[in-house]
Amino acid sequence: MAVGRPNAGLSRRDLLKRTGGLAALAAFTAACGGNTGRPADSGGGGKTALAQWYHQYGETGAREAALKYAKAYGDAAVTVQWTPGDYGAKLSSGLLSSKGPDVFEGQLNLAMVKSNQIVALDDLLEGVKDDFSAEDLATNTVDGKTYGIRMIVDPQVIYYRKSLLEKAGIQPPTTIDDLISASKELTTNKVKGIFVGNDGGVALGGPALWSSGGAYLTKDNKPGFTDGRAAQAFGKLHELYASKSTLLGAPTDWTDPSAIIQGLVAMQWIGMWALPAMQKAFGDDLGVFAFPALDAQGTPAVYSGGWTQFVSAKSANVDAAKKFVKWLWIDQAEYQEDWCLNYGFHIPPRKSLAAKAAKLQDGAAAETVKLNEQYGKTDNPAWTPKMATAFGDMLTNVIRKGADPAAEIGKAEKTVGTELSRLFG
Amino acid sequence: MSPRTTTKGIRGNTLWFWVFVGPFVIGLLVFSYLPIVWSLVLSFFEARNTVTPTEFVGLRNYVDMLTDRNFLSSLGTFSVFALFIVPLTFVLSLALALLVNQVKIARAFFRSVFFLPTACSYVVASLIWKLSIFNGVRFGLANTVLDWFGIDQIAWLSTVDPPWFWIPIITVRLWLQLGFYMILFIAGLQRISPALYEAAYVDGARPGWQVFRFITLPQLRATAVAVLILNLIAAYQAFDEFYNLLGNVNFARPPLVYLYGISLGTIQDLGHGSAGALILAAIIMIVTLLQNKILGFGKAND
């Protein structure tokens, strides 16, 4: 490829010298480390420097709120790193080195504890432990030690346009068969019945399993998704996918309310975070129901997701980081309420705050809170990302390829069993 | 020239050599060779959630990866991808080169137009393909065109049976890389002596296919072999378009996406990931050497 003369005033030799110098500078700065989110020096005004990592929240104003809290903290200079895209992968890499976060949000898994990536935070919970639900504590506890402070609870359920169901003469479904029928009946040439994700509904794997009476892991840490009823539930997810009544290939995925707001679907599986945007679009024309029971023997299911704050064990300032976490997520009730209710909607993990949250007292919000209390299921920290990947692969094969659920369960069980043997012997 | 001046000149040259080359050598050592060596070390250790492991496991990670159905399936995905992308890129970039090379006016313009997509990021192109052209709703470009002909909308990236996702995957890479290989072919075409064509015409060769078959193609041998080798290596390294268009799905997961998932994604199993990466590197090297042997890259310049 021919290289043109850059300009009349710059000789080839000049150009080489300058680009050589620039490359040297680039190599030097790169070798000195990338953007860790911390200030370049030890912190403003000699304060301890702390880096706090968040994933990118979709709700307007959330980032500014996080920055506001960090700025308001007086005992350390806290910088906020807001991460779009694959936050999980970035966080995992960040936790391998001391250049990662001091304080970060995430979800606990046993591998983080076994490899000493995080520190226990039991001392921060002294005196307020009873104000957290048993589920929120359990999801962050391994071997009796609690490693994270729950920041928000995000129930995932099915929201629907009341008017569209009424027009079709359909009641909110109570079984998976009802859901499939409703989805088909609501489908027209312009509107699909339901949106459960562009992957065909892999996010419904957990709720479908719970609705059949199963669990990811049993209480004694054995695979809990291997019986015939679980296979039946996964088969139903394929039936829903194959009904041609689910929206596929939407520009945004199920975590974003655009599909239902743009009128592409009548129902959407999504988290409570999107409720303000949906209410703004539809007002009272918005209902909610849990993932329906598999059958009369099953129970409805709600995935009680959310985010938890952790302190990295590789932080150079573990004590300062713990102090900041306590200040922000235990002591500052006003900020927690702001964080949970003024951008998207989330349930405040502190029971005392959730009880008086005015915005959660009526309509679809109140109904979602009620469903979460009745049917909510939190993550099991012993369910590691490797197990989740095997489970997701199994669901993909069943839902999208129509593979035999029992055979696919057998393959996933093998991987999960190997992982459990490694973790628990 | 006096001996003193020569010595000074050599010293000066050496100094400037290191000024220019040094930063790149340091970059190469720190960002390429050191990670490769460290990856080799990690591949012999149990290395979950750590880059400084202590439990030596010998060849266990290699055995695990060679018997891992997902890793083997990712090699299958690569094979399907290569089967489409290598011949298509070869034929289309050669055709483009022949067309552009024959254009009498605005040749530079046409060269630039076709080469321009090479400058576009794979991520950006993938997002345009995913969000605008091949989204599955009625207002996606591809579905709008189908609608003109009364054909139902297709969920391009979500449908496994039939596997429509291959169309966006293949087309985005074609759009991005055709221009680059076209330029290689144009360079090859311009090296063919016009005297050869004149001689062929004098000997009665008909313009068109006959000249192409017996003059142009043999003369392009060196370029063609290089294009095939580069293309196959690039296919092995497919990551961006798969990851951005489909995510980490098991039915279309090339080796790099799988290895990223287990080592740099949330699983953080760097021992198995490193072993897989080195197995893949070995496969690429062996295939390239075989390709060289079969296609006769060394003989191409004879």
Side-chain angles (χ1 to χ4, degrees), chain A residues 1 16-17 19-28 30-31 86 88-93 95-97 109 111-112 114-117 189-190 192 197-200 202 241 246-253 259 262 264 384-386 388-390 392-394 396-397 399-402 411 415 422, chain B residues 16 19-28 30-31 46 48-52 69-70 73 115 123 130-132 134-140 143 152-161 164 180 183-184 187 243 246-251 253 260-270 272:
Chain A
M1 201 183 345
L16 284 171
K17 278 182 187 170
T19 49
L22 274 176
L25 183 66
F28 177 75
D86 193 350
K90 179 171 179 177
L91 177 63
S92 299
S93 304
L95 292 177
L96 292 176
S97 82
N109 78 73
M112 293 161 76
K114 292 232 170 209
S115 51
N116 298 314
Q117 289 187 326
N189 60 349
K190 296 279 183 201
K192 289 282 187 182
N198 287 322
D199 58 12
V202 172
Y241 170 81
T246 59
L247 175 67
L248 295 168
T252 55
D253 220 328
Q262 289 170 359
L264 295 173
T384 63
K386 186 159 189 177
T389 302
D393 286 352
M394 178 264 290
T396 300
N397 289 342
I399 296 172
R400 291 219 244 184
K401 291 172 153 179
K411 290 181 201 166
T415 305
R422 186 178 68 80
Chain B
W16 282 111
V19 166
F20 288 128
V21 175
F24 297 104
V25 169
I26 292 168
L28 199 66
V30 172
F31 297 111
E46 170 78 21
R48 291 173 202 256
N49 296 68
T50 179
V51 285
T52 50
R69 66 174 191 278
N70 286 323
S73 146
F115 185 73
V123 176
K130 182 179 182 173
L131 300 176
S132 301
F134 287 105
N135 75 41
V137 293
R138 59 180 182 270
F139 46 77
N143 279 339
D152 283 346
Q153 62 195 45
I154 293 173
W156 297 97
L157 294 165
S158 301
T159 310
V160 181
D161 185 21
W164 291 117
F180 173 73
I183 292 288
L184 293 188
Y243 192 75
L246 298 168
N248 190 351
V249 290
N250 58 345
F251 56 80
R253 187 159 54 192
Y260 170 80
I262 59 172
S263 53
L264 301 174
T266 49
I267 294 179
Q268 289 282 305
D269 184 350
L270 293 148
H272 283 98

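The chains referred to below are lettered A, B, ... by the order of the sequence lines, with proteins before strands, and numbering in each begins at 1. Everything numeric in this text was worked out from a predicted model, so none of it was measured.
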Please classify the contact of [X] with chain B as side chain, backbone, both or neither, using a heavy-atom distance under 4.5 Å.
| X | result |
| --- | --- |
| A:Asn198 | both |
| A:Lys114 | neither |
| A:Leu247 | side chain |
| A:Thr389 | side chain |

Please classify the contact of [X] with chain A as side chain, backbone, both or neither, using a heavy-atom distance under 4.5 Å.
| X | result |
| --- | --- |
| B:Phe134 | neither |
| B:Leu270 | side chain |
| B:Asp269 | side chain |
| B:Asp152 | neither |

If every non-hydrogen atom of [X] is compared with every non-hydrogen atom of [Y], which pair is closest and at what distance?
| X | Y | answer |
| --- | --- | --- |
| B:Gly265 | A:Ala89 | CA-CB, 4.0 Å |
| A:Lys190 | B:Arg138 | O-NH1, 2.8 Å |
| B:Ser158 | A:Gly249 | OG-N, 3.4 Å |
| B:Val160 | A:Tyr241 | N-OH, 4.2 Å |

Next on the checklist: Between B:Arg69 and A:Asp393 (salt bridge meaning N to carboxylate O under 4.0 Å), is one present in this structure?
Outcome noted: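 Salt bridge absent between B:Arg69 and A:Asp393.
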Does any part of the side chain of [Y], heavy atoms only, come nearer than 4.5 Å to the side chain of [X], both counted from C-beta?
| X | Y | result |
| --- | --- | --- |
| A:Arg400 | B:Val249 | yes |
| A:Pro251 | B:Asn135 | yes |
| A:Leu96 | B:Gln268 | yes |
| B:Thr266 | A:Asn109 | no |

Item to check | A:Gln117 side, atom CD; B:Asn49 side, atom CG - distance, nearest 0.5 Å | outcome: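 Spacing of CD (A:Gln117) from CG (B:Asn49) equals 4.5 Å.
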